Amino acid sequence: PANERILETENLSKDKVGLSLLLNAFGRIAHAALATSAKVDNRAATERWKRSLEAIQDAHEAMAYNANTKLLLDHLLLNL
(Lines give C-alpha, C1' and ligand atoms only; values in the text may rest on other atoms or scores of the structure.)
Protein backbone atom coordinates (compact mmCIF):
# COMPACT_ATOMS: atom_id res chain seq x y z
CA PRO A 1 0.00 0.00 0.00
CA ALA A 2 1.09 3.54 -0.75
CA ASN A 3 1.04 4.69 2.87
CA GLU A 4 3.50 1.96 3.92
CA ARG A 5 5.82 2.93 1.08
CA ILE A 6 5.77 6.55 2.20
CA LEU A 7 6.74 5.54 5.75
CA GLU A 8 9.81 3.72 4.40
CA THR A 9 11.07 6.82 2.61
CA GLU A 10 12.27 8.32 5.90
CA ASN A 11 14.85 5.55 6.33
CA LEU A 12 15.77 5.20 2.67
CA SER A 13 16.25 8.92 2.07
CA LYS A 14 19.16 9.07 4.52
CA ASP A 15 21.33 6.63 2.55
CA LYS A 16 22.17 7.96 -0.94
CA VAL A 17 24.35 4.99 -1.88
CA GLY A 18 21.64 2.57 -0.78
CA LEU A 19 19.05 4.61 -2.64
CA SER A 20 21.11 4.46 -5.82
CA LEU A 21 21.38 0.68 -5.49
CA LEU A 22 17.64 0.45 -4.84
CA LEU A 23 16.88 2.50 -7.95
CA ASN A 24 19.15 0.23 -10.00
CA ALA A 25 17.32 -2.83 -8.66
CA PHE A 26 13.91 -1.26 -9.36
CA GLY A 27 15.10 -0.41 -12.86
CA ARG A 28 16.20 -3.96 -13.59
CA ILE A 29 12.93 -5.39 -12.30
CA ALA A 30 10.84 -2.89 -14.27
CA HIS A 31 12.87 -3.49 -17.43
CA ALA A 32 12.49 -7.27 -17.17
CA ALA A 33 8.77 -6.97 -16.48
CA LEU A 34 8.36 -4.56 -19.39
CA ALA A 35 10.13 -6.95 -21.76
CA THR A 36 8.04 -9.88 -20.56
CA SER A 37 4.73 -8.04 -20.86
CA ALA A 38 5.64 -6.83 -24.34
CA LYS A 39 6.65 -10.35 -25.34
CA VAL A 40 3.25 -11.78 -24.40
CA ASP A 41 1.49 -8.73 -25.92
CA ASN A 42 -0.15 -7.57 -22.69
CA ARG A 43 -0.72 -3.91 -23.55
CA ALA A 44 -2.09 -2.82 -20.16
CA ALA A 45 0.84 -4.33 -18.27
CA THR A 46 3.31 -2.98 -20.82
CA GLU A 47 2.01 0.56 -20.32
CA ARG A 48 2.09 0.19 -16.54
CA TRP A 49 5.69 -1.07 -16.55
CA LYS A 50 6.69 1.61 -19.04
CA ARG A 51 5.37 4.32 -16.67
CA SER A 52 7.18 2.69 -13.76
CA LEU A 53 10.46 2.54 -15.67
CA GLU A 54 10.09 6.20 -16.67
CA ALA A 55 9.50 7.17 -13.02
CA ILE A 56 12.63 5.25 -12.00
CA GLN A 57 14.68 6.94 -14.72
CA ASP A 58 13.35 10.34 -13.62
CA ALA A 59 14.46 9.55 -10.06
CA HIS A 60 17.96 8.63 -11.29
CA GLU A 61 18.17 11.92 -13.15
CA ALA A 62 16.94 13.89 -10.14
CA MET A 63 19.61 12.28 -7.97
CA ALA A 64 22.24 13.50 -10.41
CA TYR A 65 21.02 17.05 -9.74
CA ASN A 66 21.18 16.52 -5.98
CA ALA A 67 17.41 16.56 -5.49
CA ASN A 68 15.81 16.22 -2.06
CA THR A 69 15.90 12.44 -1.58
CA LYS A 70 12.79 12.32 0.62
CA LEU A 71 10.70 14.11 -2.00
CA LEU A 72 12.28 12.05 -4.77
CA LEU A 73 11.34 8.82 -3.00
CA ASP A 74 7.83 10.00 -2.14
CA HIS A 75 7.22 10.84 -5.77
CA LEU A 76 8.74 7.60 -7.05
CA LEU A 77 6.91 5.30 -4.66
CA LEU A 78 3.58 6.95 -5.35
CA ASN A 79 4.13 6.42 -9.08
CA LEU A 80 5.19 2.77 -9.01
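Here the structure is a predicted model, which is why all the values come from computation and not from measurement. Computation of the quantities below employed the complete heavy-atom set of this structure, encompassing side-chain atoms and omitting hydrogens, waters and symmetry-equivalent molecules. Heads up: numbering here begins at 1 and tracks the sequence.
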Which atom of Ser52 lies closest to which atom of Asn79, heavy atoms considered: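 Result for this residue pair: OG-O, 4.3 Å.
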Which atoms form the tightest heavy-atom contact between Ala30 and Leu53, and what is the distance?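 Minimum heavy-atom contact is CB-CD1, 3.9 Å.
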Restricting to side-chain hydrogen bond (donor to acceptor under 3.5 Å, both in side chains), what partner residues turn up for Lys16, sequence neighbours left out?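 side-chain hydrogen bond (donor to acceptor under 3.5 Å, both in side chains) list for Lys16, sorted by chain: Asn66.
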Gap between atom [atom2] of [Y] and atom [atom1] of [X] - 0.5 Å precision:
X	Y	atom1	atom2	result
Asn42	Thr36	CG	OG1	10.5 Å
Leu80	Trp49	CG	CH2	8.0 Å
His75	Leu73	NE2	CG	11.5 Å
Thr46	Asp41	OG1	CG	7.0 Å
Leu23	Leu76	CG	CG	6.0 Å
Arg48	Ser37	CZ	OG	9.0 Å

Single-linkage hydrophobic cluster Leu34~Ile56, side-chain heavy atoms < 4.5 angstrom: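 No; Ile56 is not reachable from Leu34 via cluster members.
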Step by step, work out the side-chain hydrogen bond (donor to acceptor under 3.5 Å, both in side chains) result for His60 and Asn24. CA-CA 9 Å; His60 265 294; Asn24 286 336; 3.2 Å; yes
So, using side-chain contact (heavy atoms from CB on, under 4.5 Å) as the criterion, who are the partners of Lys70 when residues are at least two apart?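 Scan of Lys70 (side-chain contact (heavy atoms from CB on, under 4.5 Å), adjacent residues dropped) gives Thr9, Glu10, Ser13, Asn68, Asp74.
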Would you mind reporting whether Phe26 and Leu77 have side-chain heavy atoms less than 4.5 Å apart?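 In short, these two side chains touch, coming nearer than 4.5 Å.
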Any side-chain heavy atom of Val17 sitting closer than 4.5 Å to one from Asp15?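 Yes; the side chains approach each other to less than 4.5 Å.
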